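Only one structure is covered here, and it is reproduced in the block below.
We use all heavy atoms of the structure for the numbers below, so side chains are in, but hydrogens, waters and symmetry mates are not. What you are looking at is a predicted structure, and each value in this text was computed from that prediction instead of being measured.
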Amino acid sequence: MQDPVLVINCGSSSIKYALVPASPRAPRLAGQVERLGAVDARLTGTDRRGQRVSRALHGAGHHEAMAAILEQLEGLAPIGVGHRIVHGGERFTAATLLNDAVMRRLEAIDELAPLHNPANLEGLAATRRLFPTLPQVAVFDTAFHQSLPPRAYRYALPEALYRNLGIRRYGFHGSSHAYVSRRVDQLSDRAQGGWLIAHLGNGCSTCAVWQGRSLDTSMGLTPLEGLVMGTRSGDVDPGLHAHLSRRLGWSPARIDTLLNKESGLLGLSGLSNDMRRLEQAAAEHHAGAALAIEVFSYRLAKSLAGLSCALPRLDGIVFTGGIGENAAAIRARAIDQLPHFGLRLSATANAHAVDGQEGRIDAGGGGPQVWVIPTDEEAHIAGETRRLLEIPRP
């Protein structure tokens with residue numbers, strides 16, 4: 001494997017990894033460790049022969065999990081490590097080479113993404129201990145959205161809150177939106193145009209991209225703003241916090257838990273945050289599941305329509321992420337609720353665009369195109385790492 005980059009995406013209870021070679025056509029080794037800290041923690045992935053492997057890591061934390069990943073990759077030394085970091089604040093606007101000073105600055109902005117950044121940094125620290133001489137790079141979800149104009153990133157709040165505390169809209173899923181927007185420019189005859197991208201998974205966001213640059217996006221100061229998600233509420237009335245505090249005596253921490261972990265598809269349905277399970281339950285007349293799907297789809301269409309205001313011209317919509325790539329019915333629902341844009345789906349193409357299939361799903365003609373493009377955040381992170389280390393692609 002020629003000049004591979006090790007990509008690490010570290011969460012609070014899982015670590016995803018991929019050894020990404022220089023050539024996009026070459027196979028990559030990838031896997032994940034799930035349920036960190038639990039007795040049933042386990043590493044799964046592929047070995048050097050392309051065979052599936054599964055290994056118990058009873059009670060493993062981040063450091064033990066990273067050591068196990070290193071063993072899995074023995075003999076395949078990477079030329080650098082690229083880390084996904086969710087929030088870079090205003091200080092980190094591009095991929096950054098890691099050192100002790102950068103680590104301290106990252107720790108200082110933990111509160112901007114309390115569900116994500118602390119876990120990202122745990123994996124980062126563990127990797128630096130295991131690879132003390134290997135260059136390591138932080139690639140930020142927020143970096144792609146640094147091109148947002150002030151009209152899109154400023155909140156209607158006093159200037160001092162922005163100036164002193166950096167309270168503004170940052171946007172997330174930047175690695176996914178960057179990869180997908182670049183890929184649709186490669187595939188479409190409307191390259192470097194105006195695209196609305198819907199990244200739909202357990203976390204969801206939309207993005208308006210014009211000529212490869214993000215002009216607006218649905219997420220804001222934190223990854224809570226915007227669409228309905230798996231367990232996150234998305235947009236709610238800002239007065240909800242004070243209302244719950246007055247009526248129920250809830251603390252800010254309790255309300256934060258409600259909005260991040262108990263809401264979204266899970267809260268609406270009372271059943272699950274998994275869209276596959278909700279679609280099955282709705283087919284069996286589960287009222288909560290049907291409502292969750294209806295709200296999710298409507299809010300998605302509403303967000304796409306709103307973000308179209310950022311674009312000089314709408315050339316099409318791209319769906320990506322676990323739901324975006326596989327839930328044909330959700331795609332159809334969203335498009336059906338955008339009748340003013342001249343969008344027409346091909347029912348056959350839409351139904352077949354699942355399980356990682358890439359391609360157009362519109363019915364053709366001169367209107368906006370509709371694409372399904374599986375995201376590859378690892379490829380983007382590896383590319384940013386390679387660029388920063390000035391290692392040319394073959």
Side-chain angles (χ1 to χ4, degrees), residues 1-11 13-37 41-86 95-99 102-103 119-141 175-176 178-179 182-183 356 374-394:
M1 185 178 288
Q2 184 183 23
D3 290 341
V5 171
L6 176 60
V7 174
I8 299 293
N9 183 349
C10 191
S13 61
S14 67
I15 299 175
K16 296 179 182 178
Y17 69 92
L19 199 64
V20 182
S23 170
R25 293 177 295 277
R28 66 176 68 162
L29 297 183
Q32 59 186 340
V33 179
E34 298 180 285
R35 297 179 291 279
L36 287 173
R42 179 169 291 276
L43 183 153
T44 57
T46 53
D47 64 15
R48 298 178 63 176
R49 300 184 300 270
Q51 302 296 312
R52 294 292 299 171
V53 295
S54 180
R55 174 183 169 190
L57 299 175
H58 304 295
H62 287 81
H63 186 271
E64 294 83 3
M66 285 305 310
I69 291 170
L70 178 58
E71 289 179 25
Q72 190 69 25
L73 303 175
E74 187 175 4
L76 295 170
I79 48 96
V81 183
H83 296 267
R84 180 206 178 199
I85 306 294
V86 167
T96 302
L97 193 64
L98 288 163
N99 55 38
V102 169
M103 288 289 290
N120 296 159
L121 295 183
E122 278 197 63
L124 197 154
T127 311
R128 291 184 77 208
R129 288 195 297 270
L130 290 166
F131 296 100
T133 62
L134 201 61
Q136 307 206 23
V137 173
V139 180
F140 300 94
D141 273 12
S175 292
S176 178
Y179 173 83
R182 187 167 58 248
R183 183 63 180 151
T375 193
D376 192 345
E377 293 169 280
E378 290 79 13
H380 175 77
I381 293 169
E384 289 290 283
T385 301
R386 195 178 298 279
R387 180 190 59 77
L388 192 64
L389 300 179
E390 298 183 340
I391 300 168
R393 298 176 68 92

Exercise. Mind running side-chain contact (heavy atoms from CB on, under 4.5 Å) on Val7 and Arg28 for me, showing each step along the way?
Key: CA-CA 11 Å; Val7 174; Arg28 66 176 68 162; over 6 Å; no
Exercise. Check side-chain contact (heavy atoms from CB on, under 4.5 Å) between Ala138 and all other residues, then give those that pass, not counting sequence neighbours.
Key: Ile85, Leu98, Phe140
Practice problem: Evaluate the criterion side-chain contact (heavy atoms from CB on, under 4.5 Å) for residue pair Ile79 and Val5; output intermediate values, then yes/no. | Solution: CA-CA 6 Å; Ile79 48 96; Val5 171; 3.6 Å; yes
Quiz item: Quick one: salt bridge (Lys or Arg N to Asp or Glu O under 4.0 Å) partners of Arg35, sequence neighbours excluded?
Solution: Asp40
Exercise. Output the distance between atom CD1 (Ile381) and atom OH (Tyr179), rounded to the nearest 0.5 Å.
Key: 13.0 Å
Quiz prompt | Counterpart residues, side-chain contact (heavy atoms from CB on, under 4.5 Å), relative to Thr44 (two or more places apart) | solution = Gln32, Arg42, Arg52, Ser54
Self-check item: Nearest non-hydrogen partners of Pro374 and Gly356, listed with the distance
Solution: CG-O, 3.3 Å
Quiz prompt | Qualifying residues under side-chain hydrogen bond (donor to acceptor under 3.5 Å, both in side chains), relative to Gln51, sequence neighbours excluded | solution = none
Practice problem: Taking the side chain as every heavy atom from C-beta outward, state whether Leu97 and Leu389 have any pair of such atoms under 4.5 Å apart. | Solution: yes
Practice problem: Run through Val20, Ile69, Leu19 and flag the one making a side chain to side chain contact (heavy atoms under 4.5 Å, CB included) with Leu29. | Solution: Leu19
Exercise. Report the residues that fulfil side-chain contact (heavy atoms from CB on, under 4.5 Å) with Ala26, sequence neighbours left out, ordered by chain and then residue number.
Key: Pro21, Ser23
Quiz item: Salt bridge between Arg55 and Glu71, side-chain N to carboxylate O under 4.0 Å?
Solution: yes
Quiz item: Roughly how far, to the nearest 0.5 Å, is the CG atom of Asn9 from the CG atom of Asn120?
Solution: 7.0 Å
Quiz item: Looking at CG of Leu121 and NE2 of His62, how far apart are the two atoms once the value is rounded to the nearest 0.5 Å?
Solution: 10.0 Å
Quiz item: Looking at residues at least two apart in the chain, or sitting in another chain, which of them share a salt bridge (Lys or Arg N to Asp or Glu O under 4.0 Å) with Glu384?
Solution: Arg387
Practice problem: Can you sort out the partners of Ala41 under side-chain contact (heavy atoms from CB on, under 4.5 Å), two or more places apart, ordered by chain and number? | Solution: Leu57
Practice problem: Apply side-chain hydrogen bond (donor to acceptor under 3.5 Å, both in side chains) to His380 and list each qualifying residue two or more places apart in sequence or on a separate chain. | Solution: none
Quiz item: Can you pull the salt bridge (charged side-chain N to carboxylate O under 4.0 Å, His left out) pairs that have at least one residue in residues 76-86, sequence neighbours excluded?
Solution: Arg84-Asp141
Exercise. Answer whether the closest heavy-atom distance between the side chains of Ile15 and Ile8 falls below 4.5 Å.
Key: yes
Self-check item: Side chain to side chain, Pro4 and Leu76, heavy atoms closer than 4.5 Å
Solution: no
Quiz item: Has the side chain of Arg386 got a donor or acceptor atom that lies under 3.5 Å from a matching backbone atom of Asp3?
Solution: yes
Practice problem: Quick one: list whatever passes side-chain hydrogen bond (donor to acceptor under 3.5 Å, both in side chains) with Ser176, sequence neighbours left out. | Solution: His199, Thr375
Quiz prompt | Which residues share a side-chain hydrogen bond (donor to acceptor under 3.5 Å, both in side chains) with Glu378, sequence neighbours left out | solution = none
Quiz item: How far does CD of Glu122 sit from OG1 of Thr127, to the nearest 0.5 angstrom?
Solution: 11.0 Å
Practice problem: Measure the spacing between CG of Leu36 and CE of Met66 and express it to the nearest 0.5 Å. | Solution: 10.5 Å
Quiz item: CD/Gln136 to CZ/Arg128 distance, rounded to the nearest 0.5 angstrom?
Solution: 7.0 Å
Exercise. With side-chain contact (heavy atoms from CB on, under 4.5 Å) as the test, would you mind laying out the steps for Thr385 and Leu388 before giving the verdict?
Key: CA-CA 5 Å; Thr385 301; Leu388 192 64; 6.0 Å; no
Self-check item: Residue pair Pro78 / Leu134: nearest heavy atoms and the distance that separates them
Solution: O-CD1, 3.3 Å
Quiz item: By salt bridge (Lys or Arg N to Asp or Glu O under 4.0 Å), which residues pair with Arg182, not counting sequence neighbours?
Solution: none
